[in-house]
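Have a look at the structure below, then the notes.
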Amino acid sequence: MMNETRENLSDVDAGILAERVNYRCSNPDCRSYTPGPDTFKYKSLVAGTPVRISPDGNDNKNVENFVWLCSKCVDHDKTLTANQLMEWKSSAEAFAFKELCNGGVKALPKTVHNIPHTRNLFFTGRKTVIQKLSAKLAEGERVALIQPAGGMGKTGLAVEYVYANSGDYSIIWWIESETESQLDEGFKGLAEEIGIAGVGGLKSKEITRAVLQWLSEHGDWLLVFDNAEKPEDLAGYLPPVEKGAVIITSRNPAFATKATRVSVEPLTLDESVEYLVARTGRMGDEKIARLLAGELSGLPLALELAGVYISCEGTGFDTYLELYRGNWIKIMEHDEPGDFRKTIATVWLTSFKRAQKESDVVADIMNLFAFFHSENIPEWMLTICADLMPKKLAAAIRDGSRFGGAIEPLTRLALIHVCATEEERRFSVHPMVQTVTLDWMKKSRVKYAKNAVLMMEKVFTYNQNNFTARPIYASLLPHVISVATHAKRLNVSYDKAWILFNRAARFMLTRGEVGEAKHLLTKALAVAESEYGRDHENVANCLNSLGSLLLSEGDHHGAEIYFRRALKIVTSLFNEESPLIAILLNNLGLTLQATGDLDGAKKNYQLALQVDRRVYGENHALVAIRLNNLGSILKAEGDLDGAKKNYTRALAIDTGVYGAEHPKIAIRLNNLAFVLKAQGDLDGARVEYRRALEIDRKVFGKDHPKVAVRLNNLGSVLKAQGDLEGARECASSALDIYRKRHGENHPSAKLVLNNLTILESMIKEGEPSSL
């Protein structure tokens, strides 16, 4: 469809085509500015070109038969129909005309942003709300856009403000805010964009602190926290607004205590009519449009779905109104809750029934998507999990073209949206569309909930040692939580739901998201106890995870209670060959060691080591962990030879398991070097500390706090050897890292500064420089 481009259109006509869309790509999911290079360092060249809408068109030199697309979208999807391309063209040209008439500029500002939503080309009304929003932000206040019910358009209002005022900001960052994980992912993305080094190796809270510090030192930024649920959820994430601006969108009126409230109400009748006329291009039917607008209650989502339907299907307002009223009766019989939800459900049903005429798997897709998180449902996940879906949908996905034939009407009618990159396609569904879909399916909810749970169990096989897969786990995490929560609410798939909660929580713990991890683990325990009783292996697994969390928080007493209860359950169920027994013995040993009970810790480590050797043999990674932990006890007891033997053996095992460049190897080397130094083998300690340093530099980057730790340790050996210049170089580099990451007043920065001051004094006094 897009093979022949500007070779059939003159340069003059190509320029006219570009001007008619204000030099922007006509793809509504792109809208890139296209005249040439963007000088901002984070951007790249985006060129534009005319693309023939219909290869069979008779007039190949008329701008009316061409659509303007950027270089990224010119080969975006060769399955697009001529009607879709014409819709892109007319919408883009209509918006450009409206924008320029209202004083819009031709060039988009050079702004760093991650805005996940395209601008609504037909945004209408709400001038007073936008003026109030702009005024309050200009006064240095945080603003909370609060709506009483779903579908009112709070997010759309924030999107319009962002696009209309993007020239005022050098950075605009959109942060999905329903969960702690989404908040942390948003801050991580911003950290990478603004150049905070070593992000991949930092805990989430460390990243957040670093970003907040950066924002406090730089200006002209805007953060949008979208769909926040409770004010306390944003504690620790909200930056001061002296140098920037913050918008919060929520349905919770409690945010009025944390920010200036700007209420988002339905559109007025006149605004609704204006939107429908602009969206459909039907200028002469305003009387019927007024009747339809009145029944749609001014809800932007309902108006959007209705407008898209009328525009794409070529129906009149009167025809659509008749369809709507017929489906309203069906919704009323279905006993949907709430007037607003009934309105949206009726519009949804009208579009849904139309899409069903084109594919027999449309219902399967909508029903399944209702259980996932609303954003970024990856197509690759559907492909991998086809065997876990309803048979017709599985066959369509394997067919490919048949699946595309089902997706096309759903996207055309705006029931789902598609975002495509070079790597993958992802789908999104408005949360209110998901809600009314769940309301409608009723009896089939259990079936689709089970499908979704099985899919997430298959793809979210969390392994804490698989560092390369962590970005994939992070992208799937919102779907895992959403699916497991639905399963718990519907009382289905309990045998899988607790696993999903448990895996999600374990992943969160590796990122330092303790609060939400504890919340999910508590859910997992409740689900497991309800399904299996209090003395089941799955309950013991949940208790172990909760104990590990409390141990990480320093609650040693609470952790010990959980570990001992879990150990009692497991020992009553299994013999000493159970791997879970070794895990619990080891974790109990860690807890006892933290409280100073070295004898108790040593006994538990030895028992755990015996179990793992019997179960896994001598060369397993778990055996290395037990040897390492036992070595730490021997070191604390003063048995340096015993500690060295254990550390050396653990190092050999892990090298065989992970290779020589894994972060675990750096940990083993560091522990071994400490013992060597204590034994007086300074040369040996220096070698191992250097090896650990080089591994962490390769894995985490040269400016990561882990690297600072290695530098500090290496410097201590160099100092002991008399190489004061080398020790000073290590201390100086470590101090630079801590200052960049944590500031001057961080305890680690102060400690290293003190060491550096002593070294400089020793050098100045002329003590030996090196041996």
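By convention here, the first residue in the shown sequence is residue 1.
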* **Lys154 side-chain N/O to Ser250 backbone N/O, donor-acceptor pair under 3.5 Å** => no
* Do you know which of Leu190, Val159, Ile247, Leu223 makes side chain to side chain contact (heavy atoms under 4.5 Å, CB included) with Trp174? -> Val159
* Structure fact -> Between Leu267 and Ser272 the two heavy atoms that sit nearest each other are CB-OG, 3.6 Å
* To do: Report yes or no: do Ser428 and Arg426 form a side-chain donor-acceptor pair below 3.5 Å?
  => no
* Side-chain donor or acceptor of His479 paired with backbone N/O of Asn376 under 3.5 Å -> yes
* Is there side-chain contact between Arg52 and Leu85, with heavy atoms separated by less than 4.5 Å? -> no
* Would you name the heavy atoms of Ala92 and Val21 that are closest together and state the gap between them? => CB-CG1, 3.7 Å
* **Main-chain N/O of Glu265 paired with Arg126 side-chain donor or acceptor, under 3.5 Å** => yes
* To do: Please report the C-alpha distance between Phe427 and Ile407 in whole Å, then the side-chain angles of each, then the deciding distance to 0.1 Å, and finally whether the side-chain contact (heavy atoms from CB on, under 4.5 Å) criterion is met.
  => CA-CA 10 Å; Phe427 306 104; Ile407 289 293; 4.0 Å; yes
* **Centroid separation Tyr237 to Phe225 less than 6.0 Å** => no
* **Donor-acceptor contact present, side-chain Gln434 to main-chain Phe372, <3.5 Å** => yes
* **Test item: Arg142 side-chain N/O and Pro239 main-chain N/O as donor-acceptor pair under 3.5 Å** => yes
* How long is the span from the CZ atom in Phe369 to the OG1 atom in Thr437, to the nearest 0.5 Å? -> 11.0 Å
* Asked: Got a second to check how far Arg279's CZ is from Glu304's CD, nearest 0.5 Å?
  -> 5.5 Å
* **Interatomic distance, Leu303 atom CG to Ser297 atom OG [nearest 0.5 angstrom]** => 9.0 Å
* Asked: Any side-chain donor paired with an acceptor under 3.5 Å for Asn327 and Thr346?
  -> no
* Return the minimal non-hydrogen interatomic distance between Ser359 and Ala406, and the atom names on each side. => OG-CB, 3.2 Å
* May I ask you to say whether Asp439 pairs ionically with Arg341, meaning some side-chain N is under 4.0 Å from a carboxylate O? => yes
* So, Ser482 side chain and Phe371 main chain: donor-acceptor pair closer than 3.5 Å or not? -> yes
* Asked: In Å and rounded to the nearest 0.5 Å, what is the NZ to NZ distance from Lys258 to Lys230?
  -> 13.5 Å
* To do: Look only at the side chain of Thr249 and the backbone of Asn227, and say whether a donor-acceptor pair between them is shorter than 3.5 Å.
  => yes
* To do: Side-chain contact test, heavy atoms from C-beta onward, threshold under 4.5 Å: evaluate it for Trp440 versus Ile331 and give yes or no.
  => yes
* For Trp68, does its backbone N or O pair with a side-chain atom of Ser26 as donor and acceptor, under 3.5 Å? -> yes
* Indicate the atoms forming the closest heavy-atom contact of Ile248 with Ala259, along with that distance. => CD1-CB, 4.4 Å
* Does Ser91 use its side chain to pair, donor to acceptor, with the backbone of Trp88 at less than 3.5 Å? -> no
* Structure fact -> To the nearest 0.5 Å, atom CG of Leu349 lies from atom CD1 of Ile344 at 13.5 Å
* Structure fact -> Of all heavy-atom pairs linking Gly307 and Thr280, the shortest is O-CG2, 3.6 Å
* Asked: If you measure only the distance, is there a donor-acceptor pair under 3.5 Å linking the side chains of Glu176 and His373?
  -> no
* **Interatomic distance, Ser177 atom OG to Leu183 atom CG [nearest 0.5 angstrom]** => 4.5 Å
* Asked: Any idea which heavy atoms bring Met441 and Tyr448 closest together, and the distance?
  -> SD-CD1, 4.2 Å
* Structure fact -> The complete set of side-chain hydrogen bond (donor to acceptor under 3.5 Å, both in side chains) pairs with one or both residues in residues 312-324, sequence neighbours excluded, reads Glu313-Arg354, Glu313-Arg412
* To do: Determine yes or no for a side-chain-to-main-chain donor-acceptor pair under 3.5 angstrom, with Thr411 supplying the side chain and Glu408 the backbone.
  => yes
